[in-house]
Novice: 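Okay, handing you the structure first.
Because the structure is a prediction, the values reported are computed rather than measured. Residue numbering restarts at 1 for every chain, and letters A, B, ... go by the order of the sequence lines.
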Amino acid sequence: MLPSRLLRSTVNAAEISFFSRLSSQWWDERGEFAFLHQMNPVRMQFIRQKLLETACDEDETVSQNILKGLQVLDVGCGGGLLSESLARLGARTVGIDASEPNIEIAKHHASTDSRLSENLSYMHTSAESLLSQSRRYDVVCSMEVLEHVDNPALFLSTCAQLLKPSGHLFLSTISRTPLAYFLTIMMAENVLRRVAPGTHTYSKFIKPSELVEFFQSYGSCPWIAPSAAQPTRTEAEVRGIVYNPLSSSWNLAPRDAWAATECNYMFWVRKPAE
Amino acid sequence: MEVWDGISDARIHFSASDIGLDENTQGMSRITENINLQRGLLRYLSTMPDLHLIDKTKMTSIVREHEDAGGWPLVHLDNSKILRARLLIGADGFNSPVRKYAQIPSYGWSYDTQAIVATMFHSPRGPLQRPNTTAYQRFLPTGPIAFLPISPTASSLVWSIRPHIATAIMASSLSVLARMINAAYRLPHDSLQYLYNRILEHQNAGTPISVDEVIEEVEFRERAHGIDTTSAYSSSHTMENTVENQGVPPADSEMLPPLVTSIQPGTVASFPLRFNHTETYIGEGRGSRTVLVGDAAHTVHPLAGQGLNLGLADAECLARVINNAVLSGSDIGTHASLLPYTQERYFQNHKMMSVFDKLHKLYTTSFGPIVQARSMGLEVLNEFDTVKAAIMLNAGSQPRQNEASLRSTVFNLAGSALETASGVKKAADLTRGAVGSMVMNGIQQWMKTSRPGQSS
């Protein structure tokens, strides 16, 4: 049973019970979530690259430990794959998930690694419930979550409100294209059975252009200038991530690579400084 | 580097100049004594403040932590400390305890061969000769014998030989070993076999062979083979062969290593040769958070001197993979973090190991037609400088890195490819002659070998 405070939110009860059943497998690298384990270094690469890039633009004294000391929120942390990596690089990380078994698994796994304790904490809650707290974050990440929530627009605006001014929002999700249907649902779930059938729902996939449009019309002060067809490099960025089955690894596609964002992609947008 | 066939004397010559390196100052590869390598590494490690080196301590056991606590490997030390390892790297040699802990299966076979290693002393090369910077390797049917230069008057030996002969030679005196090394580079294989038998007879009788007897036997067999006493193939003037009385060296002196005068006591050792390759380099399941490098993962025949190189390449790759994992905040003990290491090294190692294994098998036969074929192959290969350069680059030689010289290397190779065209014609002529004699020799050899078989 979900706590009542979660019910009026973007959390989809069916999705939560689905992932709760799989929770014990989060840290089995060869199991259900093998793809996510393999994807994690690429997510971290994109996050580090983008943070370093913006820091360099602003001529700050840039250190390689760009994440050190940042307040980071990982929404829908699952077993904590990304949260642990963020914490290891020195970010003050909070992982939240609407599934209680997920949080239990994440807490237990983090407890086996003594280096994580000072930077990492987990909470069983929804993003919406955090709005009532005063704490805001330098970076909000939500990886492979957007395609599982109800009312993605509400979810995005919640994430946006959780950011400090000039904060960074990182998302990764799947585009709504025939290719994405073929690869993520037909091949991965139904043919190769690498992912549990029912993990994804095609209609919930979101195109990169829809994310850009959302932030072009968001609030009184849009995050991306509405006039331009493409967001500038300092406003937002969409990068495809492509799976190479031969080396069983994911690669971050170059900017504007042809068709790279047709399936899995990462999205970054920055909150204006007000 | 000079490499030749112990039966047919077919020869191949590898030179640093083939890949655009200066023979006198750079060379194509380097022989380093283990102690220097270790000293250099220790010096480098001492510059790293975060690194703790635990010495004078032995590992007593590796056990797996309880699953609920994380299931990490716990390394118990004999000073009653326990190390909890995020990643346990098995660089612990052929009998790797880490491999046993990780339950990584390996497959392989042992060669019926023992390697004798030693440090040899010899007189310096004369003023009319190249300095002592050439390695010599003769492929005998009992295994290859390699002479690896260390200094003008010292070189290192790796002699692969049948185990019972190795035991008998090791039981004899050091001067017998020195004489036998000289003989192994110079006498035909039949005579060597006779000498081994004499040593074995003495061994079985319980009295190791005396050096005087070896000298006498060698001299007799040199006379029987018609080896001129002024030739480099003669070992009769071994001990007087100093710079002062050497004069003009024999014409064939650079075909052979210098004559060994003595063996450094305490440097002689022997070990069995094996081929071994694990099925994977990364431990999984109950053996997770482990990874193997070097001999723990693969053991090779030393005939190409590549065992250390493979291990160093492993270490370099693993360090790079771990560095990438740290940069992305990954847990370096996980399979996903280490996978690129296996992907990069496993096939590369396997390829090299297979080559060494096939070379060993090719050269331990004295069956006529195969000897003919491999000798012809070697002679032809000797004409193809481009192919030779490729072999050297694969074996770890590095051409100079700056672009201008790289270009000149490429042009040299292209030039020598043209030269090779004439070489091919030469080789083709040689082949035409050789094929005829090969068939004849093959038949004769077959008749010879099959006759005793029929009578018995």
Novice: Going by the ring-ring contact (aromatic ring centres under 6.0 Å, His included) test, which pairs reach into residues 97-117 of chain A, not counting sequence neighbours?
Specialist: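 Residue pairs passing ring-ring contact (aromatic ring centres under 6.0 Å, His included), neighbours aside: A:Trp27-A:His109.
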Novice: Less than 4.0 angstrom from a charged side-chain N to a carboxylate O is my criterion; do B:Lys58 and B:Asp78 meet it?
Specialist: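 Not counted as a salt bridge, because no side-chain N and carboxylate O are separated by less than 4.0 Å.
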Novice: With chain B as the partner chain, list the residues of residues 113-121 of chain A whose heavy atoms fall under 4.5 Å from it, by residue number, and write 'none' if nothing qualifies.
Specialist: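 Residues A:Asp113, A:Arg115 are the ones that qualify, each having a heavy atom under 4.5 Å from chain B.
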Novice: When heavy-atom pairs shorter than 4.5 Å are enumerated against chain B, which of A:Gly90, A:Ser248, A:Pro41, A:Ser247 gives the highest number?
Specialist: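 Counting heavy-atom pairs under 4.5 Å, the top option is A:Ser247.
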Novice: Under a 4.5 Å heavy-atom cut-off, does chain A meet the side chain of B:Glu284, its backbone, both or neither?
Specialist: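 Contact with chain A: side chain only.
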Novice: Among B:Ala336, B:Gly71, B:Ser328, single out the residue with the greatest number of heavy-atom pairs under 4.5 Å to chain A.
Specialist: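 So the answer, after comparing B:Ala336, B:Gly71, B:Ser328, is B:Ser328.
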Novice: Out of B:Asn324, B:Leu339, B:Val326, B:Leu327, which one racks up the most heavy-atom pairs below 4.5 Å with chain A?
Specialist: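 Of the options given, most contacts go to B:Leu327.
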Novice: Less than 4.0 angstrom from a charged side-chain N to a carboxylate O is my criterion; do A:Arg233 and A:Glu237 meet it?
Specialist: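 No, no charged N to carboxylate O under 4.0 Å.
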Novice: Please determine if A:Arg43 forms a cation-pi arrangement with A:Phe170, meaning its NZ or CZ atom is less than 6.0 Å from the six-membered ring centre and no more than 45° off the ring axis.
Specialist: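 No - A:Arg43 does not lie over the ring of A:Phe170 by the 6.0 Å and 45° rule.
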Novice: Check whether more than 12 heavy atoms from other residues, nucleotides or ligands sit under 6.0 Å from atom CZ of B:Arg286, and answer yes or no.
Specialist: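 Open: at most 12 neighbouring heavy atoms sit under 6.0 Å from CZ of B:Arg286.
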Novice: If you take all heavy atoms of A:Ala127 and A:Val75, which pair is closest and at what distance?
Specialist: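 Closest approach of A:Ala127 to A:Val75, heavy atoms only: CB-CG1, 4.0 Å.
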Novice: Under 4.0 Å between a Lys/Arg side-chain N and an Asp/Glu carboxylate O for A:Arg239 and A:Glu53?
Specialist: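 No salt bridge links A:Arg239 with A:Glu53.
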Novice: For A:Gly95 and A:Ile103, which heavy atoms make the closest approach, and how far apart are they?
Specialist: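 Minimum heavy-atom contact is O-CD1, 4.1 Å.
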